[in-house]
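Here the structure is laid out as C-alpha cells; the discussion comes afterwards.
Atoms considered below: every heavy atom in the structure, side chains included; atoms not considered: hydrogens, waters and symmetry mates. Quick note on labels: first sequence line is chain A, next is B, and so on, each numbered from 1.
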Amino acid sequence: MTSYLIRRFLYAFPLLMGVNILTFVLFFVVNSPDDMARMQLGQKRVTEAAVSNWKHQHGYDKPLLWNSEAVAEKKVTETIFYTKSVGLFLFRFGTSDSGRNIGDDIQQRALPSLAVALPTLLLGLVVNISFALMMVLFRSSYLEQAGVVLCVVLMSISSLFYIIGGQFVFAKILKLVPISGYDDGFAAIKFLILPVLIGVFSGIGSGGRWYRTLFLEEVEKDYVRTARAKGLTETQTLFRHVLQNAMIPILTGVVVVLPLLFMGSLIMESFFSIPGLGSYTIDAINSQDFAIVRAMVFLGSVLYIVGLLLTDISYTLVDPRVRLS
Amino acid sequence: MIILWTDGLIFALIFSILVLGFTLRGKEHLQRPLKTIANNSVGMVSLVVLVFFVLIGLLDSVHFKQQGAGNEIISALDYWATPLREHGEKTYSAPFASHLFSKEMMTQADGSMQWGYPRLQFGGQHLSNDNDKLADIFQKTVVGVFQGVVCFMALMLVYWMFSKNKQDEESLSFTFQPVPCTLFVLITLSCILIHLSGYYHVLGTDKVGEDVFYQAVKSIRTGLIIGTLTTLIMLPMAIVFGILAGFFRGWVDDIIQYFYTTLNSIPSVLLIAASILMVQVYMANHEADFTSVVVRSDTRLLFLCLILGITSWTGLCRLLRAETLKLREMEYVQAAYALGVKQHTILLRHILPNVMHIVLISVVLDFSSLVLAEAVLSYINIGVDPTTFSWGNMINGARLEMAREPIVWWSLTAAFVFMFALVLAANLFADTVQDAFDPRRGT
C-alpha cells in the first residue's frame, strides 16, 4: 500500500509539469511578453522604453526557453520558463501588478473562501442526501414524480438568478441579513448565512437527482432484498443498508472537491463581496493581472491533484474490497 | 450575403445532422428508441419548443450587408425586426409604458420647464389618451390571437392534406394532442408578441433605451451556438482519444490518460479565463483584422466555443474509454478478431456504433449546462464579447438594477424567462433521450 501511495505521489509531478507547460504556452507563447506589455500600457502611443521597462519590472525581459547569451547552466536558468516555473513549484508566486505579494494575499484570502465553501458543501450534502432518500423511499409514487420534476425545474434555473433572487428577497425586502460584505471572526456569520443557504439551494436540483440515481441503483441489489426478506421495514433497509453502502461513492466524490474548497466560488464571492480567493481571481481577470491568474491556475491544479491523491487513500480506507496493485 | 464563422459551422452542423438522419433512416435498431421518444409527450413537447428556438436561431444566422446607410452587417432576424432595432428610447421604460421610467426636465409647448415623465419616442406613440392603453393592448392581443389561429389552421391544413390517405379520424384527433397544442401556444404567443411589439416595448427598454424583447430574442442564437458548436468541437477529440485509449491500452492509453488528467486538473473556469485573456490580448494587438463589430464578436464567440470544447471533452473521453475497455472483451469483438477482421474495421464497425448511445446522451445532457455556463462566464466578463447579445450580458448589465428604487425588473425577468424556457426544454428532452437510448434505463 505504501509503495502504491508513493507511486501515486510521484505521478503528481509529471501532471504538475504538464500544467506548468500548458500555462507557459498560454501566457508566454500565444502572445509574446511584448504583446502583454502593450495591452497593459494601453494600445496606442507606447514607447519601446516603456515596454522594456514593464517587462523588466515583471521579469519578462529574458528569452523564453533558451538563453544563448548566458554561460553554462545559465543558458537554461536565465529564461522566463525556468524562473517562472521554479517560482510556482516553490509556491513563490511573485508580486502582482499592484505590487502586492501574491503568496501573502492568497494566505489571507483562503480563510474567507473556506468559510463560505465548507458549510455550503456539508449542508448541501445533508440536504441533498435526505431529499434523495425521501424520493427513493416514496419511489414510483406521485410524490417521487413531483420530486423529480422539482429537481429538473431547479436545475434549469441559472445560479445567477438564485443569487439575485435570494439577495433581493432576504436582504432587500425582508432585511433579515446584510446584502453583502464580510467581517473578521464570528461577526462574519451574519454575512455568511445567505451565501451558504443560496449555495445549498441552488445545488438541490442536480445533487438530489444524482444521489437519487445512486440510491436507486443500490436499492435493486440483492442484499437489499435479503434485508427486506429478513423482515426489516423499508426505512430500516434504506437507512441502515442502502445509505451505508452508497456512502462509498458519495464520500469519494466529496473528497476530490475538498481541497478545491480553498479556491472558493467565483460568482458567490463576487456577489456578496467576500474577500476570498474567488473574488481575488475575478478581480485579477478583470484587471488582466496575468501573474495572479497564473498563480491561481497552478494552485488550483495542485489542489485538484491533492484531491485525487486523497480519493485514492480514502478508497483504500473505506472499501476493503479495493485491492491495490 | 455574408457567412460568419459561426454561421457556417451551424449550417454545416445542421447539414450533417440531416445527412446522418438520411443514412440512418429505417435502421431497425434505432426504431425502438426513436419510437420511445415519439411516444413520450413530455419529450415531444420539449422537442417542439427546442425546434422553435432553433428556427429563431437559424433565422438570426443568415447575415448580409445592409444596403445604404452604414453598411452594417445584419441578420435576417434583424431585418425583420428593423422597427424594434431602431426604435430606441432614451433610457429605462417599463413594459408597455408610454412614458419614460425616470423624471426629467421637459420643455412645454409654451416654453416653460416642467419636471415630469417625458413621453416615449416610439412606445405607445399611437395613443392619443393614456387611459385607452388597456383597451388598446387588449384589442391588439385579440388581433394577434386571430393571426395565430389562422397560422395554426393553415399549418394543420397542410398536415391534414399530407396525411389524408391514412385514417381521417386519427389526423383530426391529432389536433388535440400535446404536440399540436404546444405548437398552437407557441405560434399564437409569437403572433401576439410580434403584433404588440410594433406598437409597444413589450418587455420595456434597458438603460440605453434598447428594446429588451429584441435583446432577449437575439440572445437565443448565442445560447444555441454555445450549446451546439462546443459539442461539435469536443466530439471528435473525445471520440478518437476515448476509443483509442480503451482499444489499444498500453502506452497509448497512458499518454491519453496523462493528457486528459493534466487538462482536467486545471479548474475549468480558470483555464477558460486564462485563454480568454489571451484571446483578448491577441485581438487587441491585431485590431486591423477585426474591423466590424459583428466580425469581432463572432470571432470571440467562436473562440469561446473552442475553449469550452477543449475544457469539456475529458468527461466524455473517460466514459468512452471505459465503455471501449468493456466492449473489446465482448464475444462478438473476439469473434471478429478470430475471423481475421482488420483492426480499423473492428474499430469502425463494431466498437464505434456501440458507443454512439453514450455520445448522443452526453451531447444532449451537455447542451443545457453549456447554456447555463455561458451566463456565468459572461457575468465574470470571460464569456462572449460585451457587444454580443446574450442572456449572460443581459444579467450582467442588469445586476445593479434590483438595487434601484423603484426596481427595474424587466431585463432580468426577460433573461430569466427565455433562458429558463430553453434550458428546461433541453433538460426534459435530454431525460427522454437518455431513457430511450440508455440500455440500463427504462424497460
Region of A/Val302 in contact with chain B, defined by heavy-atom distances below 4.5 Å = neither
Among B/Ile407, B/Val269, B/Val279, which residue forms the greatest number of heavy-atom pairs with chain A at distances under 4.5 Å?
-> B/Ile407
Name the member of B/Leu428, B/Leu277, B/Ile276 that forms the most heavy-atom pairs with chain A at distances under 4.5 Å.
-> B/Leu277
The interface call for B/Ser368 against chain A, heavy-atom contacts under 4.5 Å, is neither
Give a yes-or-no answer on whether the side chains of A/Asp105 and A/Tyr280 include a donor-acceptor pair shorter than 3.5 Å.
-> yes
For A/Leu308, is it the side chain, the backbone, both, or neither that has a heavy atom closer than 4.5 Å to a heavy atom of chain B?
-> side chain
B/Ser411 side chain reached by B/Val212 side chain, heavy atoms, under 4.5 Å | yes
Does the side chain of A/Glu144 pick up a donor-acceptor pair with the side chain of A/Ser140 at under 3.5 Å?
-> no
With a 4.5 angstrom heavy-atom cut-off, could you sort out which part of B/Ala415 is near chain A: side chain, backbone, both or neither?
-> both
Could you walk me through whether B/Trp313 and B/Phe241 pass the ring-ring contact (aromatic ring centres under 6.0 Å, His included) check?
-> CA-CA 10 Å; B/Trp313 63 276; B/Phe241 288 140; 5.5 Å; yes
For chain A, find which of B/Leu372, B/Leu424, B/Val371 contributes the most heavy-atom pairs closer than 4.5 angstrom.
-> B/Leu424
Validation row: A/Leu258, A/Leu121 side chains within 4.5 angstrom (heavy atoms) | yes
Okay, A/Leu22 and chain B: the region with an atom under 4.5 Å from a heavy atom over there is side chain
Side chain, backbone, both or neither: which part of A/Ser158 has an atom under 4.5 Å from a heavy atom of chain B?
-> both
Considering only heavy atoms, which portion of B/Val376 lies under 4.5 Å from any heavy atom of chain A: side chain, backbone, both, or neither?
-> both
Could you tell me whether B/Arg321 and B/Asp253 make a salt bridge, using a distance below 4.0 angstrom between a side-chain N and a carboxylate O?
-> yes
Does atom CZ of B/Phe259 have more than 12 heavy-atom neighbours from other groups under 6.0 Å away?
-> no
Residue part contacting chain A, namely of B/Ile382, when any heavy atom lies under 4.5 Å | side chain
Crowding at NZ, A/Lys172 (>12 non-hydrogen neighbours, <6.0 Å) | yes
Would you mind checking which part of A/Phe298 comes under 4.5 Å of any heavy atom in chain B, side chain (CB onward), backbone (N, CA, C, O), both or neither?
-> neither
Using a cut-off of under 4.5 Å on heavy-atom pairs, state which of A/Leu260, A/Ile157, A/Val293, A/Ile282 scores highest against chain B.
-> A/Ile157
Quick one: what part of B/Leu263 sits under 4.5 Å from any heavy atom of chain A, side chain, backbone, both or neither?
-> side chain
Given that the side chain runs from C-beta out, which part of A/Ile285 has a heavy atom under 4.5 Å from chain B: side chain, backbone, both or neither?
-> both
Answer whether the closest heavy-atom distance between the side chains of A/Met268 and A/Ile274 falls below 4.5 Å.
-> no
Under 30°, 30 to 60°, or over 60°: which ring-plane class applies to A/Phe13 and A/Phe9, parallel, tilted or perpendicular?
-> perpendicular
Quick one: what part of A/Ile164 sits under 4.5 Å from any heavy atom of chain B, side chain, backbone, both or neither?
-> side chain
Under 4.5 Å to a heavy atom of chain A? For B/Ile380 that would be both
Could you tell me which portion of B/Tyr379 (side chain, backbone, both or neither) has an atom closer than 4.5 angstrom to a non-hydrogen atom of chain A?
-> side chain
Do A/Phe201 and A/Leu154 touch side chain to side chain, with heavy atoms closer than 4.5 Å?
-> yes
